[in-house]
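Along the sequence shown, residues carry numbers from 1.
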Amino acid sequence: MKDLSLLVLPGDGIGPEVTAEALRVLHRVARHADVTLTISHGAFGGASLDAHDVPVTDDLLERACASGAVLLGAVGGPKWDALPSHLRPERGLLALRKAMGVYANLRPARFFDALADASPLKRSLTEGVDLVVVRELTGGIYFGEPRGVSGSGDARRGVNTLAYSEMEIRRIGRIAFELAMRRDKRLTSVDKSNVLEVMALWREVMTSLSAEYPEVKLDHLYVDNCAMQLVSGPRQFDVIVTGNLFGDILSDEAAALTGSLGMLPSASIGDGPGLFEPVHGTAPDIAGKGLANPLATILSVAMLVEHALGRRDLAVAIERAVENTLSAGHRTGDIARGGEKVIGTTAMGDAVLAELETILKSEAA
C-alpha cells in the first residue's frame with residue numbers, strides 16, 4: 001500500500017467539472033492498487049482572487065509543497081483580464097511552479113486513430129505519432145534578470161534576459177534522457193546555438209550528457225527547423241527537449257496538430273511533488289453547462305499515477321480506457337465531427353470508467 005496526499009486545485013471555468021471526472025478515475029485505480037488517497041482542495045487563480053484578492057496565497061503554496069502531488073484544473077478568464085499583470089490568475093501559476101520547484105514540463109502529443117480527421121494534417125502524416133515535449137519550466141527568459149521597461153519617449157527600452165546555468169541545463173537534460181530511455185530511445189534537443197551563446201552552452205551540455213546514455217540517439221535541431229519539421233514530418237520525433245520559451249511555443253504547436261487541446265495532458269516535475277494539469281484553458285463560454293471534455297484531465301491523472309505513484313501499468317490502463325472510449329464513438333462537442341453523437345462531461349467520464357473497469361478486471365483475471 002502507498003498513501004498519496006493530493007491537493008486538488010479545481011481552478012476556474014470548466015476546471016471544477018473536468019477535475020471531478022478525473023478524480024473519479026483516480027479513485028478507481030487507487031482502489032485497484034490498494035492506495036489510500038488523502039485529498040484536500042484549495043482556491044487558486046481566479047477563484048483565489050475572488051476569495052483572497054491574490055491569485056495564490058502563501059498558505060496554499062505551503063500546502064502544495066507539502067503534498068504528494070497537485071492536480072490543477074484550469075485558471076483564468078475574461079473576468080480577471082483587466083487586472084494588473086501581477087494579479088492575473090496566470091501569475092499564480094508561475095508562483096506555484098516556482099515554489100514547487102517543478103522545472104520540467106512534460107507535454108505528450110499523441111494522435112489517437114479515432115480522432116485522425118480532427119487534425120489539420122493529413123492522416124498519412126499523423127498516423128502513429130506519439131511524442132513528448134520536455135520543456136524547461138523555471139528558468140530562461142521568463143525568469144531571467146534584468147527585466148523591465150525603462151526610459152521615456154522614443155528612448156523607452158524593454159529588456160528580458162535569456163540565461164541558463166549548466167546545472168539547469170543538465171538537470172532538464174537528465175529528465176529528457178531518462179524519459180527517452182523508457183520510450184523509443186530517441187531524443188531531439190532544440191536550440192538556437194548558431195546565434196545565441198546561451199544556446200551554444202545548451203547544446204554543449206546536452207552533447208556531454210549523451211555519453212551517459214549511449215542507448216539514446218541524440219540529435220540537435222534549431223528551433224525554426226524543428227517548428228517546420230513538426231508540421232512536415234512529426235513521426236520522426238519521440239522526445240523533444242528545449243528551453244522555456246521555445247518549449248512554450250513548440251508544445252502548443254504539437255498540441256494544435258492533434259486537433260483538440262481538450263485531449264492533451266501535462267505533468268510538471270522536479271525534485272519534489274509533481275503538478276499535473278490539462279493543457280486547455282477555462283472555456284468560460286461553456287462553464288457550468290456540462291459540455292466540457294474531461295479527457296485531458298483524465299490523461300493528466302494517468303501521468304500523476306505514473307510519476308507520483310510509480311505505476312506505469314495503471315497509467316497505461318487509463319490511456320487504453322480513453323482510447324477505447326474514443327474508438328467506441330464517444331465524443332464531446334470539441335472533438336465531434338459532422339454526424340457524430342455528442343455527449344456531455346459526466347457521460348464521457350462514465351464511458352471512460354466503464355472501459356477502465358473492463359481493463360482492470362481482465363488484468364486481474
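Under 3.5 Å, the side chains of Thr57 and Asp59 contain no donor-acceptor pair of N or O atoms. Side chains of Trp202 and Ser189: a donor on one and an acceptor on the other come within 3.5 Å. There is no side-chain donor-acceptor pair under 3.5 Å between Asp12 and Trp80. Tyr142 and Asn160 are not linked by any side-chain donor-acceptor pair at a separation below 3.5 angstrom, with hydrogens and angles left out of the test. Residues Ser150 and Arg156 bring no donor and acceptor atom of their side chains to less than 3.5 Å of each other. Side chains of His220 and Ser193: a donor-acceptor N/O pair is absent below 3.5 angstrom, by distance only.
In this structure a side-chain-to-backbone donor-acceptor pair under 3.5 Å is missing from Glu166 to Ile169. The backbone N or O of Leu326 sits less than 3.5 Å from a side-chain atom of Arg331, completing a donor-acceptor pair. Under the 3.5 Å distance criterion, the side-chain polar atoms of Ser300 are left unmatched by any main-chain donor or acceptor of Phe276.
Tyr103 carries Arg171 over the face of its six-membered ring, with the cationic atom under 6.0 Å from the centre and within 45° of the normal.
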Q: Start with the C-alpha distance between Glu306 and Arg311, add both sets of side-chain angles, then the distance that settles salt bridge (Lys or Arg N to Asp or Glu O under 4.0 Å), and finish with yes or no.
A: CA-CA 5 Å; Glu306 177 176 1; Arg311 293 296 301 268; over 6 Å; no
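Under a 4.0 Å N-O distance rule, the pair Arg88/Asp81 qualifies as a salt bridge.
When side chains are defined from C-beta on, Glu197 does not count as touching Leu201, because their heavy atoms never get closer than 4.5 Å.
Rounded to the nearest 0.5 angstrom, Arg110 CZ and Leu264 CG are separated by 12.0 Å.
For Glu145, the CD atom counts as densely surrounded, since its 6.0 Å shell holds more than 12 non-hydrogen atoms of other residues, nucleotides or ligands.
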